[in-house]
Amino acid sequence: MNHDGLLKILKRSFGYQSFRPLQKEIIEDSLAGKDVFALLPTGGGKSLCFQLPALTRRGLTIVVSPLIALMKDQVDGLVASGIAATFLNSTLDANESRARYRGLYRGEFKLLYIAPERLMLPSFLERLPELNVEAIAIDEVHCISEWGHDFRPEYRQLADLRTALPGVPFLALTATATERVREDIVRLLALENPRRYTASFNRPNLTYRIVPKHKPGEQVVEIVRSRADETGIVYCQSRKATEQLAIKLQAAGIAAGAYHAGLEPEQRERNQDRFLRDDVRVICATIAFGMGVHKSNVRYVVHYDLPKNIEGYYQETGRAGRDGLPSECILLYSSADAIKQRTFIDEKPDPEEQRIAREQLQQMIHYAESSDCRRQTLLGYFAEPFDSIPCGGCDNCLEPRERFDGTLAAQKFLSCIYRLRQASRFSVGLNHIIEVLTGADTEKIRRWGHDKLSTYGIGKEHSRTEWQSIGRELIRLGFCSQTAERMSTLELTTDGQVWMKSRQTLTLTRPVSTVTKPVRKKLEGEIVCDEALFEYLRTVRRQIADSRNVPSYIIFPDVTLRHLAARQPANESEFGEIPGVGERKLKDFSEPFLDAISQWKASKKRT
Ligand code: ADP
Ligand code: ZN
């Protein structure tokens, strides 16, 4: 099929005018019968890469998906667009399953969603050749790798499909970008000379922000309050914290729920569902939450605790703004959290595991403390160059931190490390150095005679917090290094020694501010519209969604509502031009929305 043909289907079935980056290439290769491996960030539009080709095929496309609880929503979304899709899983009763099997044998469906353990059942495999399968799409394909964050042993068996269905092309999709996981995928799935596509991992509509954590519970309440009517996820490290925080938010009059792997399955699913259906606005969750959740209007993701590594942080923040509208990622950070994380790592039994975990944590701390562009740092982790600085979407670019001449401070700090080392033949940690600099009178200082050092009390012009930030910046600059052991100590590096001798001036940055208010500026992806009309259309959408018993975003994503509220179409043909309105949705939903818009306009005229 040529490009125009694909574009026609894109508009007719999905209501979109153009492809997102790489979608077209992936679709064309896949239709040419090639194995394809597609690495697109969350919100990159992976689903379309297998849904659209499925519509042009005569036979069936099987979609392997890890999460049973979320299949129904995905299929409901397709059905709402008039696409013949179904799923098979343990939530269906025997009659319903039988009916669906019959439909499959009769070729009534274009897409079948199924979990790997069910697909690979010998009884299912046996009859697979009768289903006229033309393509296999494997979603969340990183689940195949132990190095990913969601390992599912069942995914390993999928390679057997190569013999069960010879010649049927695979389309493997994930948002997980680490090299190790990529290699595992190609090898374990036995992909044949796959075409690899990697989109940029930059998410231009996301704003990244670090907020110093002091009273985290209250800070979260404030963040949620100041984003009234918006939906968000708050990630916490512990199960208990998710529940406590949800209660705290509820006490503040905010509809919030908790989600973690320790809840009873029914409870967990209920809480997830209430979030997907906008019955609760905020979900306080552990990292068990999020994979496969296609809710597109998550406007903010807050990290209540310091994530263990950048990869996880990137994936979790990525759940904001799938629809491309401006969304925020806020990390509450304190150095006490960093210390707490180090202690967890110390408890790991395996030294190699400890080493990797420390390294990853160090990168995360660097991200949180650095005054460089957050986007550049994140993308750098995935080896993706990013130079358009200021990026316009991170705290460090939006409100560059004040810089000051730190030459003297750095001289004092580094020579203090040097003197301490000289005097005691052992190294000490950051806190001890600061105590010496600020002339603290502690038992340790007296016992070790550190009050006799020439650097004792020479740094009283800065507070302890200021020294901490200075110290950490010097570590980042490579003038001193922090050991990775339990009681981490500081050492002067060669670079540090060279700099001290050179007497060059050095500029340092002031610590971060504590703003938690939403960023009010024109953001990437913003669709300016009448906000009140948008809110009204949301209630209209909600009524339709409730009557069909599906989440709102299945009717229309927020983007479509914003376009509607901006352009205010007056008839069906104008309505059909709106992004996200395909043929089926035009037929089913234009009337209630057109009515709502014309009523709105009429009432505006009257007032
Ligand atoms: P992913 O699985 O990669 O995270 P999704 O498939 O959930 O992304 O798509 C994210 C959002 O983008 C969905 O709301 C989807 O409808 C929308 N989308 C996908 N492709 C396009 C496109 N070509 N134009 C506009 N919106 C798109
Ligand atoms: Zn930036």
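Q354 places a side-chain N or O within donor-acceptor distance of the main-chain N or O of D346, the cut-off being under 3.5 Å. The backbone N or O of L40 sits less than 3.5 Å from a side-chain atom of K46, completing a donor-acceptor pair. Under the 3.5 Å distance criterion, the side-chain polar atoms of N396 are matched with a main-chain donor or acceptor of D372. Using modelled atom types, no side-chain atom of Q482 and backbone atom of T489 make a donor-acceptor pair closer than 3.5 Å. Judged by distance alone, the side chain of Y314 and the main-chain N or O of F201 form a donor-acceptor pair under 3.5 Å. Listed for the Q250 side chain is a donor-acceptor partner under 3.5 Å among the backbone atoms of A256. The backbone N or O of S463 lies less than 3.5 Å from a partner atom in the side chain of E466, making a donor-acceptor pair. Panel note: side chain N271, backbone A258; a donor-acceptor pair is recorded below 3.5 Å. D395 places a side-chain N or O within 3.5 Å of a backbone atom of I210 that can act as its donor or acceptor partner. The main-chain N or O of Y300 is never found under 3.5 Å from a side-chain atom of R227 such that the two would form a donor-acceptor pair.
The neighbour count for W147 CH2, taken as heavy atoms of other residues, nucleotides or ligands under 6.0 Å away, does not exceed 12. Crowding of E443 atom CD: a count of heavy atoms from other residues, nucleotides or ligands under 6.0 Å exceeding 12.
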Problem set entry | I68 vs F87, side chain to side chain contact (heavy atoms under 4.5 Å, CB included): CA-CA, chis, key distance, verdict | CA-CA 9 Å; I68 288 170; F87 66 89; over 6 Å; no
For this session: Give the intermediate values and the outcome of side chain to side chain contact (heavy atoms under 4.5 Å, CB included) for residues Y113 and D139.
Result: CA-CA 10 Å; Y113 282 71; D139 205 4; 5.8 Å; no
For this session: Please lay out, stage by stage, how R225 and E222 fare under the test salt bridge (charged side-chain N to carboxylate O under 4.0 Å, His left out).
Result: CA-CA 5 Å; R225 268 227 185 96; E222 186 189 318; over 6 Å; no
For this session: Would you check, one step at a time, whether the test side chain to side chain contact (heavy atoms under 4.5 Å, CB included) holds for T42 with Q315?
Result: CA-CA 8 Å; T42 305; Q315 294 303 337; 4.0 Å; yes
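The two residues R374 and C394 come nearest to each other via the heavy atoms N-SG, 3.4 Å. Taking both residues in full, the closest heavy atoms of D337 and L306 are given as OD2-N, 3.7 Å, listed atom of the first, atom of the second, then distance. In this structure, L78 and A85 approach most closely via the heavy-atom pair CD1-CB, 3.7 Å. The two atoms that bring L245 and C236 nearest to each other are CD2-SG, 3.8 Å, heavy atoms only.
Under the salt bridge (charged side-chain N to carboxylate O under 4.0 Å, His left out) test applied with D278, the options R542, R538, K295 reduce to a single match, K295.
By the 4.0 Å N-to-carboxylate-O rule, R209 lies close enough to E399 to be salt-bridged with it. We find that E230 and R281 are not joined by a salt bridge, their nearest charged nitrogen and carboxylate oxygen being 4.0 Å or further apart. The pair R299-D558 meets the salt-bridge criterion, since a charged nitrogen lies less than 4.0 angstrom from a carboxylate oxygen. No salt bridge links R239 with E243; every basic N to acidic carboxylate O contact stays at or beyond 4.0 Å. Contact check on E531 versus R562 returns a salt bridge, with a Lys/Arg side-chain nitrogen under 4.0 Å from an Asp/Glu carboxylate oxygen.
If you look at Y367 and Y313, their ring centroids are closer than 6.0 Å. Side-chain rings of F275 and Y259 stay apart, their centers remaining 6.0 Å or farther from each other. Separation of the Y304 and Y235 ring centroids does not fall under the 6.0 Å cut-off.
With sequence neighbours excluded, no residue satisfies side-chain hydrogen bond (donor to acceptor under 3.5 Å, both in side chains) with D229.
Donor-acceptor pairing under 3.5 Å is recorded for the side chains of R375 and N202. R277 and N549 share a donor-acceptor pair across their side chains, judged by distance under 3.5 Å alone. Checked by atom type, the side-chain pair E384/S200 shows a donor-acceptor distance below 3.5 Å. One side chain, T174 or H142, offers a donor N or O that lies under 3.5 Å from an acceptor on the other.
Looking at Y536 and R541, their side chains never come closer than 4.5 Å, going by heavy atoms from C-beta outward. Contact of the L533 side chain with the Q568 side chain is registered, since non-hydrogen atoms from C-beta on lie closer than 4.5 Å. Side-chain contact check for Y333 versus E369: some heavy-atom pair is nearer than 4.5 Å. Within the 4.5 Å cutoff, the side chain of V63 has no heavy atoms near those of the I114 side chain. Between V220 and L249 the shortest side-chain heavy-atom distance falls below 4.5 Å. Residues K604 and D530 have side chains in contact (heavy-atom distance under 4.5 Å, counting atoms from C-beta outward). Side-chain contact between I555 and R548 is present, with heavy atoms from C-beta onward closer than 4.5 Å. Side-chain contact between V224 and V221: absent, with no pair of heavy atoms (C-beta onward) separated by less than 4.5 Å.
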